[in-house]
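Accompanying notes for the structure given below.
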Amino acid sequence: GVDMTHLLTLEEILTPTYTKPMVIQEDGSERESSRVDIRNRRPLSETVQERLVAELSAVLPEVDGVIIEDQVEEPHLGVVTRFVREALAELAAEHEDKVFFADSRANIAEFRNVIIKPNAREAALAMGVEEPSPEQLREAGQGLAARNGRPVFITRGPEGMLVCSSEECTDVPGVPVKGPLDICGAGDSATSGIVSALCAGATIGEAAVFGNLVASITIQQVGTTGTASPAEVLQRYLDTYGEVD
């Protein structure tokens, strides 16, 4: 069901993969083994970067939002290069009716005009603080929002999120969960929930709640890529907050 019209298939680059082998033990339980990463070792050519931006520009009229997943830490070895980030900043400024949302392991401070979602450590480091106090984390969130020109969602694991504008930050508590947990992919699940909610017209606070709900469901699905159906999200909301207003 995925429309791959604008997907570039190129022989000169690899698609990075992050593989988590699961070992079945004698008692039948599963144990996670060491992760195996495959990464691209050559910079993206200028031609490919230009083609990527052209395809994104072409598809923009058809979408409500754009998720930028910048998971390759080495400069220019992933899709989100400096050239692509600058193009994204321009496109986001030109299309304020679209949701542009970025998550980046190493370059969250380099984005402009897009909503960003760092974790607490990434947000603090982006503002030059290594071990932030709660107040310093709020200051970092407001500073990033002011510099970037868009809201900031700071993820804090079980504690939920800190949603910041340039003027203030709001705590959005996490959703309590029990039992075996697999937090791999929790951030991506939160991103999916947040962006889906924003595209549907939610406020940033409502979107954070929705992101927390989605992540709380997927982390309970151990050893697999978790999913959260609309029915599951609604039930988790009712179990956590009571009746829908």
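All values below were derived from every heavy atom in this structure, side-chain atoms included, with hydrogens, water molecules and symmetry-related copies excluded. Remember, it's a predicted structure, so these values are computed and weren't measured experimentally.
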Distance-only check: which donor-acceptor pairs under 3.5 Å involve side-chain atoms of residues 170-184, not counting sequence neighbours?
residue	atom	partner	partner atom	Å
D171	OD1	R156	NH1	3.2
D171	OD1	R156	NH2	3.1
D171	OD2	R138	NH1	3.0
D182	OD1	C184	N	3.1
D182	OD2	G223	N	3.1

Could you pull out the closest heavy-atom pair between [X] and [Y], with the gap in Å?
X    : Y    : value
N113 : A93  : ND2-CB, 3.8 Å
A207 : I194 : O-CG1, 3.6 Å
A123 : A140 : O-CB, 3.9 Å
I24  : G28  : CG2-O, 4.1 Å
E232 : T227 : OE1-O, 3.8 Å
G187 : K117 : O-NZ, 2.6 Å

Is there side-chain contact between [X] and [Y], with heavy atoms separated by less than 4.5 Å?
X    : Y    : result
H6   : L56  : no
R39  : Q71  : no
E110 : R82  : no
F83  : L44  : no
E139 : V129 : no
I68  : L88  : yes
Q235 : D239 : yes
D64  : V99  : no

Taking a hydrophobic cluster as the set of Ile, Leu, Val, Met, Phe, Trp and Tyr residues connected by side-chain heavy atoms closer than 4.5 Å, whether directly or through intermediates, do [X] and [Y] fall within one such cluster?
X    : Y    : answer
I115 : F100 : no
V72  : L14  : no
I116 : F210 : no
V53  : F111 : yes
V79  : V114 : no

Looking only at atom types and distance, does a side-chain atom of [X] sit under 3.5 Å from a main-chain N or O of [Y], one as donor and one as acceptor?
X    : Y    : result
R150 : R147 : no
N119 : T155 : no
K98  : L91  : no
S29  : Q25  : no
E55  : L52  : no
R51  : L8   : no
E206 : T203 : yes
T218 : A215 : yes

(Q) Checking V48 against E12 for the side-chain contact (heavy atoms from CB on, under 4.5 Å) test, could you report, in this order, the C-alpha distance in whole Å, the side-chain angles of both residues, the deciding distance, and whether it holds? (A) CA-CA 10 Å; V48 173; E12 69 248 43; 3.5 Å; yes
Inter-residue atom distance [X].[atom1] - [Y].[atom2], 0.5 Å rounding:
X    : Y    : atom1 : atom2 : value
T17  : I38  : OG1   : CD1   : 3.5 Å
E131 : R121 : CD    : CZ    : 8.5 Å
R105 : D70  : CZ    : CG    : 10.0 Å
L144 : S166 : CG    : OG    : 11.5 Å
L137 : C169 : CG    : SG    : 7.5 Å
L125 : I108 : CG    : CD1   : 12.0 Å

Q. Above 12 or not: heavy atoms from other molecules or residues under 6.0 Å from CD of E130?
A.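 No, not enclosed.
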Q.
So for atom CD, which belongs to E46, do other residues, nucleotides or ligands contribute more than 12 heavy atoms lying within a distance under 6.0 Å?
A.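 At most 12 heavy atoms, drawn from other residues, nucleotides or ligands, come within 6.0 Å of this atom.
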Q. Under the side-chain contact (heavy atoms from CB on, under 4.5 Å) criterion, do Q49 and T47 qualify, and how do the steps go?
A. CA-CA 5 Å; Q49 294 178 61; T47 301; over 6 Å; no
(Q) Run F153 and F101 through side-chain contact (heavy atoms from CB on, under 4.5 Å) and show every step you take. (A) CA-CA 10 Å; F153 290 77; F101 190 97; 4.0 Å; yes
Q. After noting the C-alpha distance and the side-chain angles of T191 and E69, does the key distance pass the side-chain contact (heavy atoms from CB on, under 4.5 Å) rule?
A. CA-CA 10 Å; T191 291; E69 286 282 356; 4.1 Å; yes
